[in-house]
Amino acid sequence: MKMYDMIIKNGTIVTASDVFKADVGVKNGVIVALGNNLKDDGADTIDAEGKYVFPGGIDVHTHLEMPFGGTVSSDDFTTGTIAAACGGTTTIIDFAVQAKGQSLEQTAETWHKKADGKAVIDYGFHIAITDMNEDILNEMPKAIKNGYSSFKLFMTYDGLRVNDDVLLKALIMAKENGGLICVHAENYYIINYLVKKFLKEGKVEPKYHALSRPTVAEAEAVSRAIKIASLADAPLYIVHLSCKESLIELARARAQGLPVMAETCPQYLLLSEERYEESDFMGAKYVMSPPLRSKDNLEPLWDGIARGDIQVVSTDHCPFFLKGQKELGRESFNKIPNGAPGIEARMALLYTNGVGTGKLSLQRFVEVTATNPAKIFGLYPSKGTIAVGSDADMVLFDPNVKKRVEKSELHENVDYTPYEGFEMTGYPVMTILRGKVIVEENHFVGQKGAGKFIRRQSPILL
Ligand SMILES: [Zn+2]
């Protein structure tokens with residue numbers, strides 16, 4: 001019997017704590033050896049000389065095949081996970097969004113129907129609770145036990161949002177049962193007021209989407225969510241934190257020792273509000289919530305990642321075609337479906353603009369793209385690191401490849417990328433999922449349906 005099914009030779013392995021040269025031996029989809037000169041003994045051998053070997057990327061914020069504003073996000077679990085895989089991501093956590101009157105179990109079931117047999121990488125679900133009552137609250141412990149250990153609550157959006165009392169009850173219930181509450185933090189009333197005001201004044205262009213959701217609306221909600229969580233003595237995770245005012249609230253809470261964690265996304269690190277001025281409705285490409293911010297928010301967010309106040313970089317991938325979907329809001333910015341694509345270029349953009357500029361160490365890069373997401377969302381140590389006993393999910397990354405982001409090169413099922421023309425140095429050249437090569441030189445070679453649903457454990461608080 002062979003000792004290994006696969007050996008990755010001569011690569012430079014990067015984990016959240018170390019950078020070292022070693023071979024990786026894989027058997028039955030699991031890493032079984034790390035060492036020098038592993039005997040190949042008939043195993044498939046991959047030469048990673050000159051490449052980094054990173055843990056497979058984990059994107060904990062995606063919206064595949066999600067209904068929004070009368071349409072549905074354009075990547076399904078096949079196209080979206082192929083794009084993720086090509087960018088070096090091997091696990092996603094998507095949001096299963098509760099429809100009115102559905103139980104949490106039915107919500108999960110709805111998302112399983114979208115994903116099972118279709119995903120090409122591993123996946124889990126957060127459950128977004130939009131219709132809370134006593135029964136739903138009491139379903140939370142069972143959902144956690146079944147591996148849906150995180151929940152999202154929206155503090156804004158008609159039809160999705162919950163009030164502060166619901167947030168408080170959910171925080172307590174999650175905490176008592178080993179779950180985690182994630183919040184979309186924006187002040188509903190401020191936004192609602194500004195949207196109505198602009199529309200009344202005939203201000204309908206995409207840029208008014210951004211102007212109706214100012215940073216203060218986010219920072220106020222972040223602050224309120226933190227205070228409610230501290231009252232509940234519960235951990236809290238803030239999704240897509242986008243501005244320095246929110247970061248100040250987060251940093252203050254963490255300095256007090258509160259278990260508050262947060263993610264940001266490449267769009268808030270690399271793009272800014274001038275984009276809304278693009279002519280001929282092209283500002284709609286960037287209509288997402290929270291919106292892009294002024295340039296002076298970018299550096300503080302990078303600093304927040306580097307010093308550890310922000311633990312995760314995810315994408316909030318939620319693509320809509322310009323043609324036929326974003327266009328729904330041509331006459332009125334509040335009808336533009338909210339969201340933008342980004343699942344594929346996350347690792348490469350963060351590497352180029354983070355590691356390549358010296359803002360992030362290699363280890364920190366791995367930490368925020370894989371290790372921390374795995375820890376916070378109950379996947380660690382099976383996922384998120386390169387260690388004996390972990391799943392053999394890895395990305396071979398060539399730090400010298402020069403490439404430009406072009407929609408025509410990406411696999412996302414949408415007609416644009418917000419990062420068109422961005423120069424990159426460094427790109428994934430191979431993606432391995434549980435010991436199987438699924439992407440080679442930007443070509444998907446895996447199998448539809450080979451992705452596995454992962455029942456997640458309780459969070460490790462960071
Ligand atoms: Zn989202």
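FYI, side chains are in, hydrogens and waters are out, and symmetry mates aren't considered; it's all heavy atoms of this structure. Atoms within a ligand are numbered from 1 in the order they appear, just like the ligands themselves. Numbers for residues simply follow the sequence, beginning at 1.
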Would you sort out whether Asp75 and Thr79 count as a side chain to side chain donor-acceptor pair (under 3.5 Å), showing the intermediate values?
CA-CA 6 Å; Asp75 266 315; Thr79 62; 2.6 Å; yes
Report for the Zn ion (ligand 1), protein N, O or S closer than 2.8 Å, by chain and number, lists His61 NE2, His63 NE2, Asp316 OD1
Q) Does Thr62 reach the main-chain N or O of Leu64 with its side chain, forming a donor-acceptor pair under 3.5 Å? A) no
Item to check | Backbone N/O of Lys359 and side chain of Trp302: donor-acceptor pair under 3.5 Å | outcome: no
Next item on the list: Return yes if some donor-acceptor pair links the side-chain N/O of Asp280 with the main-chain N/O of Met282 below 3.5 Å, else return no.
Entry: no
From the list Arg224, Arg293, Lys244, salt bridge (Lys or Arg N to Asp or Glu O under 4.0 Å) partner of Glu218 resolves to Arg293
In short, ring-ring contact (aromatic ring centres under 6.0 Å, His included) pairs touching residues 168-194 with sequence neighbours left out are Phe154-His184, Tyr157-His184, His184-His240
